[in-house]
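Here is the structure we will look at, set down as structure tokens.
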Amino acid sequence: MDAPISRVGVLGGTFDPVHTGHLAAASEVCAELGLDQVLLTPANSQPFKIGFDAAPPEHRLEMCRLAADEDDRFAVSAVDIERGGVTYTVDTLTDLREQRPGTEFFFITGADALARLDEWKDAERLGKLATFVGVTRAGHSLVPSNRPHILVEVPALAISSTDVRRRVRARRPIRYLVPRPVADYIALNGLYYGGIDD
């Protein structure tokens, strides 16, 4: 009988597209904190990116599934997409706690985002729903936060979803920036080949 999954990381984001920087962060936090699993949880619509022309949720969800298939520590949750509307972390964590009672959650975000945690919806409730984990990214320093959290340094990877989209439009290679199944999915579905970017 499999052991119960009791310590779960939650890596939320637009994932437009998911890239190896996301996966490196998930892997490092999983190892550092001894997590049983990390859930990639694509947002339906980000509150800080309203009006941003993201790929449809079903494509972003499928790319996360393809990426997660490559590591048995990773899984995908469609909780935010199934709920619809604007995605708020407080709703994500509330729903996940209802789905997985008894699970200890660790919400993984950029260290820069931790500094703005007080601006998030129902910020006073967040610390009761999960432990927050800030990860460093290339070009960002560890910004202090007034709220309890854990900081994890991740090997620097100068990769962003914005850069991946721009490279696709410029017909530049994205291999090794995203998992190969994700690169194949982008090409097969013609994602990011036209339009303007943020």
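Checked by atom type, the side-chain pair Arg125/Thr94 shows a donor-acceptor distance below 3.5 Å. Side-chain contact of Arg73 with Ser27: a donor-acceptor pair under 3.5 Å is present, judged by distance alone.
Around CZ of Arg172, the count of heavy atoms belonging to other residues, nucleotides or ligands within 6.0 Å does not exceed 12.
Among all heavy-atom pairs drawn from Glu32 and Val152, the shortest one is CG-CG2, 4.1 Å. The shortest heavy-atom contact between Pro17 and Val178 is CG-CG1, 4.3 Å. Between Tyr193 and Ala187, the closest heavy-atom pair is OH-CA, 3.7 Å. Here the closest non-hydrogen pair linking Ser77 and Leu39 is CB-CD1, 4.3 Å. Contact detail for Arg169 and Tyr192: the closest heavy-atom pair is CG-O, 2.7 Å. Closest heavy-atom contact between Ala68 and Leu40: CB-CD1, 4.3 Å.
Atom NE2 of His149 and atom CZ of Phe132 lie 11.5 Å apart (nearest 0.5 Å). Here the OG-CZ distance, from Ser45 to Arg83, works out to 11.5 Å after rounding to the nearest 0.5 Å. Considering CZ of Arg97 and NZ of Lys128, their distance stands at 11.0 Å, rounded to 0.5 Å. Here Leu117 contributes atom CG and Glu124 contributes atom CD; the two are 10.5 Å apart, rounded to the nearest 0.5 Å. Here the CG atom belonging to Leu23 is positioned 8.5 Å from the SG atom belonging to Cys64, to the nearest 0.5 angstrom. Rounded to the nearest 0.5 angstrom, Ser6 OG and Glu104 CD are separated by 7.5 Å.
At least one side-chain heavy atom of Val29 sits less than 4.5 Å from a side-chain heavy atom of Val135. Using a 4.5 Å heavy-atom cutoff, the side chains of Leu33 and Ile150 are in contact. Between Val79 and Gln99 there is a side-chain heavy-atom pair separated by less than 4.5 Å. Side chains of Val38 and Phe106 form no contact here, defined as non-hydrogen atoms less than 4.5 Å apart. No side-chain heavy atom of Leu129 sits less than 4.5 Å from a side-chain heavy atom of Phe105. Within the 4.5 Å cutoff, no side-chain heavy atoms of Pro179 are placed close to those of Leu66. In this structure, Phe74 and Gln37 have side chains that are not in contact, with every pair of non-hydrogen atoms separated by 4.5 Å or more. Under the 4.5 Å side-chain criterion, counting only non-hydrogen atoms from C-beta, Val90 is in contact with Leu126.
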Task: Full working for side chain to side chain donor-acceptor pair (under 3.5 Å) between Thr92 and Asp80 - done: CA-CA 6 Å; Thr92 306; Asp80 292 326; 2.7 Å; yes
Task: From CA spacing to verdict: side-chain contact (heavy atoms from CB on, under 4.5 Å), Phe107, Thr109 - done: CA-CA 7 Å; Phe107 190 85; Thr109 188; 4.1 Å; yes
Task: Worked check of side-chain contact (heavy atoms from CB on, under 4.5 Å) between Leu96 and Val10 - done: CA-CA 9 Å; Leu96 287 173; Val10 179; 3.8 Å; yes
Task: Criterion side-chain contact (heavy atoms from CB on, under 4.5 Å) on His19 and Leu177, from CA distance to verdict - done: CA-CA 6 Å; His19 55 68; Leu177 301 180; 5.6 Å; no
Task: Evaluation steps, side-chain contact (heavy atoms from CB on, under 4.5 Å), between Val76 and Phe15 - done: CA-CA 12 Å; Val76 177; Phe15 297 119; over 6 Å; no
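In terms of hydrophobic clustering, with Ile, Leu, Val, Met, Phe, Trp and Tyr side chains grouped at heavy-atom distances under 4.5 Å, Tyr176 and Val168 are assigned to different clusters.
Formation of a donor-acceptor pair under 3.5 Å by the Asp163 side chain with backbone atoms of Ile159 is not found in this model. When atom types are taken as modelled, the side chain of Thr131 and the backbone of Gly127 share no donor-acceptor pair closer than 3.5 angstrom. With hydrogens and angles disregarded, no donor-acceptor distance shorter than 3.5 Å links the side chain of His59 to the backbone of Pro56. Between the side chain of Arg167 and the backbone N or O of Pro173, at least one donor-acceptor pair lies under 3.5 Å. A donor-acceptor contact shorter than 3.5 Å is absent between the side chain of Arg116 and the backbone of Leu114. Using modelled atom types, one side-chain atom of Arg60 and one backbone atom of Ala55 make a donor-acceptor pair closer than 3.5 Å.
Residue Leu61 is tested with Asn44, Ile81, Thr41 for a side-chain contact (heavy atoms from CB on, under 4.5 Å); the sole match is Ile81.
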